[in-house]
Amino acid sequence: MKVTIVGAGNVGATCADVISYRGIASEVVLLDIKEGFAEGKALDIMQCATNTGFNTKVSGVTNDYSKTANSQVVVVTSGIPRKPGMTREELIGINAGIVKSVVENVLKYSPEAIILMVSNPMDTMTYLALKSLGIPKNKLIGMGGALDSSRFRTYLSLAMDKPANDISAMVIGGHGDTTMIPLTRLASYNGIPVNQFLSEDVLQKVAADTMVGGATLTGLLGTSAWYAPGASVAYMVDSILNDQKKMIACSVYLEGEYGQNDICIGVPCIIGKDGVEEILEIGLDDNEKALFAKSADAVRIMNDALKTILA
Ligand SMILES: NC(=O)C1=CN([C@@H]2O[C@H](COP(=O)(O)OP(=O)(O)OC[C@H]3O[C@@H](n4cnc5c(N)ncnc54)[C@H](O)[C@@H]3O)[C@@H](O)[C@H]2O)C=CC1
Ligand SMILES: O=C([O-])CC(=O)C(=O)O
C-alpha cells in the first residue's frame, strides 16, 4: 500500500515518520519542490528502521511526480504555514496556486487516489481541489477535525486530570480560530458527560482554548504545529488503508447535510477504504445549529475569495 505525501516540511515529514513507525503503509513517497529536501527527510526516517523496527520503504523525490504513481492515498501539505499573529485564512493567496498545481500533478499519476488535504486554509483548499479538478466527493477529505478533536480531548484531559484516551469529544465546523465548534455538550469521560466533572466556566475555557489551539502553538513555536497534525493525518490514512471505518470529523463536500450545500466543512464521517463512506448527521441543538451556520458563512467567504485569487 503506497502513500504519497506532497510537502516534506514539518507536517509532511512527521506524517511520513508516524506512518512508517506504525507500519500503516508498505511504501511512503515524500515529494517536495525544494531540491534534495524530501530525499534527505526520507533517508533520515529510513535510518530509524533498525532502531524502531519498521519495514516501510520511505523515499524522497524533488518534484518528480512519476515516482508517486499508483498511490492509494496522497496527502497534500505543500504550501506555507502561518507565523505568529496571522490567521490561517491569510495563507490563501499563496497556497491556492500551490495546492491547485500540486493536485493536478498528483492526479496525472494516481487518478484513483484518495486525497487528504492539509494545507491551509484547509476547508477552502479542499473545496478548491474538488471544484476545479472534478475529484469525486468521497475521495477528497480535509484534515482538521481529527486534529481539533485531539486538542479538545487534550484540554479536557488536562482540566480533569484524566487520560485523554478515556475522553471522547469532537470538534465540527470550519478549521479556523473562530469557526470551529467544540461540542462540549456531547463530550464524555468513559461515557459519563464531562459536565458532571467540570463547571460550565471551565468547559467554556476548554472550548475557547481548543479553538485557538493552533494559534497558541504558532505563538510558542514561531511557526505552526506539526507533531499532532502529522499524527492526525496518519490516523486518517490508517482508517483508509486498513478500512477501519473510524468516525472522524473531516472537511467534506456537503449537499444538503446540516442544511448546507456547495461547501467543504468539518462534520462527522465514516472513513474507510472508499474514503468518505458516510456523513453522519448527528442531532445538534439550536445553539450548535446556529454556530454551524455561522461557521459555514465564514468558510463560504473564503471560498468566494478563490474566484479573484485564481482569476
Ligand atoms: N489542516 C491542518 O490541521 C493543518 C494544516 N497545516 C498547514 O499545512 C501546511 C504545511 O505546514 P508545514 O509542514 O508546517 O510547513 P513547512 O513550511 O514546514 O512545509 C511545507 C513544505 O511544502 C513545500 N512546498 C511548497 N510549495 C510546494 C510545491 N509546489 N510542491 C511541493 N512542495 C512544495 C515546501 O518546500 C515545504 O517543504 C501549511 O499550509 C499549514 O498551515 C499545518 C498544520 C495543521
Ligand atoms: O495553526 C495553524 O496554522 C496550523 C493548523 O491548522 C493547526 O495547527 O491547527
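As a basis for the values below, the full set of heavy atoms in this structure was taken, side chains included, without hydrogen atoms, waters or symmetry mates. Because the structure is a prediction, the values reported are computed rather than measured. Numbering of ligands and ligand atoms starts at 1, following listing order.
- Contact annotation: for His175 versus ligand 1, heavy atoms closer than 4.0 Å belong to the side chain alone.
- If you check which protein heavy atom lies closest to atom 5 (C) of ligand 1, you get Val118 O, 2.9 Å.
- A heavy-atom distance below 4.5 Å is found between the side chains of Ser251 and Met122.
- Within the 4.5 Å cutoff, no side-chain heavy atoms of Met117 are placed close to those of Met143.
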Can you list the steps and then say if Tyr21 with Phe54 is a ring pair (Phe, Tyr, Trp, His ring centres under 6.0 Å)? CA-CA 6 Å; Tyr21 182 65; Phe54 68 77; 7.5 Å; no

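- Of all the atoms in ligand 1, the ones that sit under 4.0 Å from a non-hydrogen atom of Phe37 are 37 (O).
- Protein heavy atom closest to atom 27 (C) of ligand 1, with residue, atom name and distance, is Ile33 CG2, 3.6 Å.
- No side-chain heavy atom of Val74 sits under 4.5 Å from any side-chain heavy atom of Leu116.
- The minimum heavy-atom distance between Met86 and Leu91, with the atom names listed, is CE-CD2, 3.7 Å.
- Listed by number with element, the atoms of ligand 1 under 4.0 Å from a non-hydrogen atom of Asn120 are 4 (C), 5 (C), 6 (N), 7 (C), 39 (O), 40 (C), 41 (O).
- Scanning the protein heavy atoms around atom 15 (O) of ligand 1, the nearest turns out to be Pro81 CG, 3.5 Å.
- When each atom of ligand 1 is checked for a heavy atom of Pro229 under 4.0 Å away, the hits are 43 (C), 44 (C).
- Residue Thr77 has at least one heavy-atom neighbour below 4.0 Å for each of these atoms of ligand 1: 9 (C), 10 (C), 20 (C).
- When only non-hydrogen protein atoms are considered, atom 25 (C) of ligand 1 lies nearest to Gly79 N, 3.7 Å.
- Scanning the protein heavy atoms around atom 14 (O) of ligand 1, the nearest turns out to be Asn10 CB, 3.6 Å.
- More than 12 heavy atoms of other residues, nucleotides or ligands lie within 6.0 Å of CG in Asp304, so this atom counts as buried by the packing criterion.
- Heavy atoms only, all atoms of each residue included: Gly256 and Asn261 are closest at N-OD1, 3.0 Å.
- At the top of the distance list for atom 39 (O) of ligand 1, counting protein heavy atoms only, stands Ile80 O, 2.8 Å.
- A ring-centre distance under 6.0 Å is found for Phe292 and Tyr258.
- Under a 4.0 Å heavy-atom criterion, Trp226 is not in contact with ligand 1.
- Residues Leu130 and Leu128 fail the side-chain proximity criterion, which asks for heavy atoms closer than 4.5 Å.
- For Thr223, no heavy-atom contact with ligand 1 is shorter than 4.0 Å.
- Within 4.0 Å of ligand 2, heavy atoms belong to protein residues Arg82, Arg88, Asn120, Leu147, Arg151, His175, Gly214, Thr218, Ser224.
- What sits closest to atom 42 (C) of ligand 1 on the protein, heavy atoms only, is Val11 CG2, 3.7 Å.
- Contact analysis leaves Arg88 out of contact with ligand 1, as no non-hydrogen atom separation drops below 4.0 angstrom.
- A salt bridge links Lys100 to Glu104: one of the charged nitrogens lies within less than 4.0 Å of a carboxylate oxygen.
- In this structure, Ile248 and Ser239 approach most closely via the heavy-atom pair CD1-CB, 4.2 Å.
- The side-chain heavy atoms of Met1 and Asn242, taken from C-beta on, include a pair separated by under 4.5 Å.
- Salt-bridge formation is not detected for the pair Asp17/Lys41: no Lys NZ or Arg NE/NH1/NH2 atom is positioned less than 4.0 Å from an Asp or Glu carboxylate oxygen.
- Minimum heavy-atom separation, Ile279 to Glu257: CD1-OE2, 3.7 Å.
- Minimum interatomic distance between Lys137 and Val276 (heavy atoms only, all atoms of both residues): O-CG2, 4.2 Å.
- Counting heavy atoms only, Met143 comes closest to atom 1 (N) of ligand 1 of the residues Met143, Arg151, Lys100.
- Near Lys34, meaning under 4.0 Å from one of its heavy atoms, ligand 1 places the atoms 35 (O).
- Looking at every heavy atom in both residues, Ala16 comes nearest to Ser20 through O-OG, 2.6 Å.
- Ranking the protein heavy atoms by distance from atom 37 (O) of ligand 1 puts Asp32 OD2, 2.7 Å first.
- Against a heavy-atom cut-off of under 4.0 Å, Ala225 is close to the following atoms of ligand 1: 43 (C).
- For ligand 1 and Ile98, the ligand atoms under 4.0 Å from any heavy atom of the residue are 26 (N), 27 (C), 28 (C), 29 (N).
- For ligand 1, the atoms sitting less than 4.0 Å from at least one non-hydrogen atom of Asn95 are 39 (O), numbered in the order shown with element in parentheses.
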